[in-house]
Protein chains: 2
Amino acid sequence: MTAATPKGERRRQALVEAAAGLLVDGGFDAVRHRAVAERAGLPLASTTYYFDSLDDLVAAALEHHGQGELAYGKARLAELDVEACGGDAFIDLVLDLLLGPTGGDRDAEAVLLRYERLVATGRRPYLRPLMRKLSGELHGLLIEIFARAGQPVGRERVEELIALVDGAVVNALIEISPDPRAAARRMLAKAMAPR
Amino acid sequence: MTAATPKGERRRQALVEAAAGLLVDGGFDAVRHRAVAERAGLPLASTTYYFDSLDDLVAAALEHHGQGELAYGKARLAELDVEACGGDAFIDLVLDLLLGPTGGDRDAEAVLLRYERLVATGRRPYLRPLMRKLSGELHGLLIEIFARAGQPVGRERVEELIALVDGAVVNALIEISPDPRAAARRMLAKAMAPR
DNA sequence: ACTAATTTGGTACGCTCGTGCCAGTTTCGT
DNA sequence: ACGAAACTGGCACGAGCGTACCAAATTAGT
């Protein structure tokens, strides 16, 4: 169900944002009708009025969150200083796009959702089209950034680098005190170093 | 609670195996007291008698499954034919260890658990020690296999290759009809090709 | 202004879940 | 053989869940 009135649209949006927040904080399992309603300060029934099912709500939340990430990426691309983006700075830029901007100690938590959603897609096929779209746009963005930074790469090479980062992250998650960003950083630096 | 009588030990084992089966078929969310009991052909209360909590049961199932994988890896190492393990055959061997032996079309399903558990560890810290142990042993096994095959590698290099495979897999999961093994195979072949 | 469509929000149903309980049975140690 | 320990299994509680329902309130279209 889509909203037909301005106020309804605002309410719907509030629900999506609440759901996206829950997604980030607690993962897919945390997105429940009641939790979303409470977080948005709306009654329970509003969640079933604006969304046909919980899956719909989850998908909307994921799309909202993904679009936010893409917007962040585009902003970084726009403000990219072609002169001062070599070496470490460039690696950090790539990591910012792939893992989100660093938040200090709570990195592991912030990064988790990016991989939960990939894996969740395995058991929730209805998320696949959405994830493919978001993922494709992110890849494109990265290719643009590499090109702008004077290191043009092909689609295949970008996919390799992304795989390397993603693999480093999921393997870092099992450490006693995980620091996925550092692990990804190490591998990315090595892979991008001139041979 | 641990079993003290032979029959009790058998029952407990049956529960662990049932839980492991559910884990493989349906992921972490499928491991429920009632489902485990039914699959094992035992009453519900047996699950709470032998395991203090559901987390205990999940951990036991995961350990069981992981030990099975390691046993499979050791068997492959033992039967390794030093002569005929170059090129493609070797890559398939590595993939078998990392993703499990290929099962045809249902690869995506079979592979999924390997990554669900990595990501699940992010939100279930109690699994971390176990996952670290299993992961460490698998890494060691791979190093041995590389050495035996005449391509000695360091720990760092093995971790790079594993990250590459893992990243390729999680990114392949969002395809319309995922073939994570093929994606991993492509990247692994390229990374291991002589420069 | 007035009818119709939309939105609201309180409530309830039916289900699954983890877990506690406990009288009965089996098995073990001696 | 016999007391104790281990085990069995049926049951029920309380909580949380997705979702349906519907009278009341609001808003839109004319």
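Because the structure is a prediction, the values reported are computed rather than measured. Hydrogens, waters and symmetry mates play no part in the numbers below; they use all other heavy atoms, side chains included.
Aromatic pair B:F90/B:F146: centroids less than 6.0 angstrom apart.
In the hydrophobic clustering of this structure, A:V111 groups with A:L93; members are Ile, Leu, Val, Met, Phe, Trp, Tyr whose side-chain heavy atoms approach within less than 4.5 Å, directly or through other members. No path of Ile, Leu, Val, Met, Phe, Trp and Tyr side chains, each step under 4.5 Å between heavy atoms, connects B:M187 with B:I162, placing them in separate hydrophobic clusters.
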*Do nucleotides 13-30 of chain D as a string where each nucleotide becomes B, S or -: B if the base has a protein heavy atom under 4.0 Å, S if just the sugar-phosphate does, - if no protein is that close.*
----BBB-------SS--
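Bounding nucleotides for the chain A contact on DNA chain C, 5' to 3', at a heavy-atom distance below 4.0 Å, are C:dT6 to C:dA12.
B:Y50 has a side-chain polar atom (N or O) that falls below the 4.0 Å cut-off from OP1 or OP2 of D:dT8.
At least one donor-acceptor pair under 3.5 Å links the side chain of B:T121 to the backbone N or O of B:R117. Not a single donor-acceptor pair under 3.5 Å links the side chain of A:R11 to the backbone N or O of A:S46. Panel note: side chain B:R12, backbone B:Y50; a donor-acceptor pair is recorded below 3.5 Å.
Within 6.0 Å of the CD atom in A:E38, the count of heavy atoms belonging to other residues, nucleotides or ligands does not exceed 12.
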*Take B:R181 and B:D96, measure what salt bridge (Lys or Arg N to Asp or Glu O under 4.0 Å) needs, and give me the verdict at the end.*
CA-CA 9 Å; B:R181 194 189 178 88; B:D96 282 351; 2.6 Å; yes
